[in-house]
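The next block holds one structure in the form of structure tokens; read it before the comments.
Just so we're on the same page: letters track the sequence lines, and every chain starts at 1. Everything quoted here is computed from the prediction, not taken from an experiment. Note: hydrogens, waters and symmetry copies are ignored here, and every other heavy atom, side chains too, is used.
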Amino acid sequence: MAILAQIQQKARDSLAAAAAAAFPNVTLPAFVVQRPREGAHGDLACNLAMAMASVARRPPRQVAEAIVAQLPGPAAAAALPLGRAEVAGPGFINLFLRPGWLLPVLGEVRTAHGAYARSAVGGGRRVLVEFVSANPTGPLNVVNCRAAAFGDALVRCLNAAGWRAESEYYVNDAGGQFRRLGESLRARVVELQGGELELPEGGYPGEYLIPLAEEFATAHPTDAPVEEYARFAVQRILLQQKESLARFGVVFQHYAHESRIRELGEPQRVVAALRAAGHTFERDGALWLRSTAFGDNDDRVLVKRDGEFTYRVPDIAYHAEKFGRGYDVLIDVLGQDHHGDVASVRAGLEGLGLPVDRLEVLLNQLVRLVRGGETVRMSKRGGTFISMDEFLDEVGTDAARFFFLMRTIDTHMDFDIDLATRQASENPVYYVQYAHARICSLLRQAAEAGLAVPAPSEVAGDALQHPAEAALMLAMAELPEEVRAAAEARAPHRVTTYARVLAERFHNFYVQCRVIGEAAPTAAARLLLAEAARAVLVETLGLLGVSAPERM
RNA sequence: GCGCCCGUAGCUCAGGGGACAGAGCGAGUGCCUUCUAAGCACUUGGUCGCAGGUUCAAAUCCUGCCGGGCGCACCA
């Protein structure tokens, strides 16, 4: 267990024992031992006295005093490196630990070999995270890019926290949209051969189909069925999407295809099962799902009057198929414009008797690009649509990932392109990366000066007591807990916030504490601290998928 | 009308039961003959949308309202 978690556990135990001794007839309420925001409030703070006040029938501060009186003295404190305890504020018990209590962090980072953030809270549970899943009808856009950054970082965080997480992309390569894509491509081929461009109703006017039309025309007969046009277009567009994603550092483990779900006859099976379970009814020549019985606002059509499935049938079938693969949790990252579909899919799954409570749907809110203080209006019709590739050309992978991951997924965000592309101090990406580059430079120069990074065991217990050193170690100690929280809350942006704090602590240390030229024990201890900070930074940036440059 | 998300500093956003609410940008002032100034230190700036409720304790949880975004097809 990580040092911070260990100490917190020991503090809990000591406080609980002290409280039991002071108030033998009182059942202990739930309480927390947390890290106070304010340094003056000690290393750890506990709310036990305030929580106990009513049952102990004494004012909180008196309860706190009584507990503190029962805490083990320094001699007996082998379990907890307690310096002193103090009653403060409305009745907090603040614990001040003996200097050096954080030193074990350095050893932990060293022996973890890049897996310092790892914890076991996930318990090996299997999670499938589906994200992006853009329609294969055109290039990826900026919102897809945000989803990619989020989903990929979430998978990384989950895996670090002890889950077994995998990524998946669902390809809608069937149905009406698919057919219209084929018709759009065919229209482009006709245009290429001198005809008039006649796009179908709801077709795809994007120019990206032109090179595809050229390619198609050279290898296929013009009278090929629409299916063939569509399959060709999807195959090429998907390839381009994969390239964009790869460039962004996102590689999916699984691609699931709607066409495959249909080939297997899953939609038919779903409809039959829902019908057999009595969750359907017929009206106006269509077959409906009684989804209101499962909390949906309206009942929904499953099979249209013309005998075709609505899109939600393969959707339900796909989710049922995912459950069938044995995952403990399914996570869908959806664009918020699709949130209306969630209830009916859930209803269908519930109707099939599947454990819908294990399906988590996270909604990816919109992104607005801001350039020169003005929002960049993006419209597919107006031709001002910005693709993921164009966006990455301008912003770069590191800045794009970092910026997207600074915000929670469930808030719309303004992406300030000017700030993200500025190569200067005010850009948070560089701030963090610069900390890493600085450490690397320091380590290089130390090596040239003949200074070797010592083993953690060689560092004296009273070393590294400068406030900036302690603050840096504390930040390092917090990583495993931060990653656990990010994984559990499905909130990788917490790691980004953490990265900024860690970088800040290092910059502070760097400015206040010199390494090269200091007395040997100090220089050695600081060198180890810097090296450990470097390792933690690398790991943190790795969770975000952002690079850690050695020089800037 | 119904549903989901969001209202925190001039702007963009963290903080999601604890003690005087934070960062970046913006505005202003210092610090490079010593390990990267893409840095550090300081100043400026907030009835945490409003009103109730729960709690020893609410920006944080609950309810209602107000404001903004997005959905509400036998399109996907």
Which donor-acceptor pairs under 3.5 Å do the side chains of residues 42-54 of chain A make with protein atoms, sequence neighbours left out?
{"from": "A:D43", "atom 1": "OD2", "to": "A:L97", "atom 2": "N", "distance (Å)": "2.7"}
{"from": "A:N47", "atom 1": "OD1", "to": "A:V32", "atom 2": "N", "distance (Å)": "2.9"}

In whole Å, what separates the [atom1] atom of [N] from that of [M]?
N: B:G53; M: B:U43; atom1: P; value: 38 Å
N: B:A27; M: B:C70; atom1: C1'; value: 35 Å
N: B:G24; M: B:G15; atom1: C1'; value: 15 Å

Please produce a list of atom pairs where a protein N or O lies less than 3.5 Å from an N or O of nucleotides 40-45 of chain B.
{"from": "B:C40", "atom 1": "OP1", "to": "A:Y431", "atom 2": "OH", "distance (Å)": "2.5"}
{"from": "B:C40", "atom 1": "O3'", "to": "A:N508", "atom 2": "OD1", "distance (Å)": "3.2"}
{"from": "B:A41", "atom 1": "OP1", "to": "A:N508", "atom 2": "OD1", "distance (Å)": "2.8"}

Note to self: Using a 3.5 Å distance criterion without hydrogens, assess whether the side chain of A:W288 forms a donor-acceptor pair with backbone atoms of A:R283.
What the structure shows: yes
Checklist line | Touch class at under 4.0 angstrom, heavy-atom based, for A:Q336 against every strand present | finding: base
Every protein N/O within reach of nucleotides 11-13 of chain B N/O, cut-off under 3.5 Å:
{"from": "B:U12", "atom 1": "O2'", "to": "A:R407", "atom 2": "NH2", "distance (Å)": "3.0"}
{"from": "B:C13", "atom 1": "OP1", "to": "A:H412", "atom 2": "O", "distance (Å)": "3.0"}
{"from": "B:C13", "atom 1": "OP1", "to": "A:D414", "atom 2": "N", "distance (Å)": "2.9"}
{"from": "B:C13", "atom 1": "O2'", "to": "A:R407", "atom 2": "NH1", "distance (Å)": "2.7"}

Notebook entry, point to check: Stem ranges for RNA chain B, with three or more consecutive Watson-Crick or G-U pairs under 3.5 Å?
Noted result: B:1-7 with B:66-72, B:10-13 with B:22-25, B:26-31 with B:39-44, B:49-53 with B:61-65
Next item on the list: Report the residue from A:V270, A:L289, A:L287 that forms a side chain to side chain contact (heavy atoms under 4.5 Å, CB included) with A:R275.
Entry: A:L287
Check: How close do A:P136 and A:Q241 get, heavy atom to heavy atom, and via which atoms?
Finding: CA-NE2, 3.9 Å
So which protein nitrogen or oxygen atoms get under 3.5 Å of nucleotides 53-62 of chain B's nitrogens or oxygens?
none

Margin query: For the aromatic rings, using the six-membered ring if either is Trp, is the centroid distance between A:F131 and A:Y169 under 6.0 Å?
Written below: no
Check: Of the nucleotides B:A76, B:G18, B:A19, which has the atom closest to the A:Q34 side chain?
Finding: B:G18
Contacts under 3.5 angstrom, residues 525-533 of chain A side chains, donor-acceptor by atom type, not counting sequence neighbours:
{"from": "A:R526", "atom 1": "NE", "to": "A:E469", "atom 2": "OE2", "distance (Å)": "2.6"}
{"from": "A:R526", "atom 1": "NH1", "to": "A:R514", "atom 2": "O", "distance (Å)": "2.7"}
{"from": "A:R526", "atom 1": "NH2", "to": "A:E469", "atom 2": "OE2", "distance (Å)": "3.3"}
{"from": "A:E531", "atom 1": "OE1", "to": "A:R534", "atom 2": "NE", "distance (Å)": "3.4"}
{"from": "A:E531", "atom 1": "OE2", "to": "A:R534", "atom 2": "NH2", "distance (Å)": "3.3"}

Margin query: Is the phosphate of B:G15 approached by A:H493 (side-chain N or O, under 4.0 Å from OP1 or OP2)?
Written below: yes
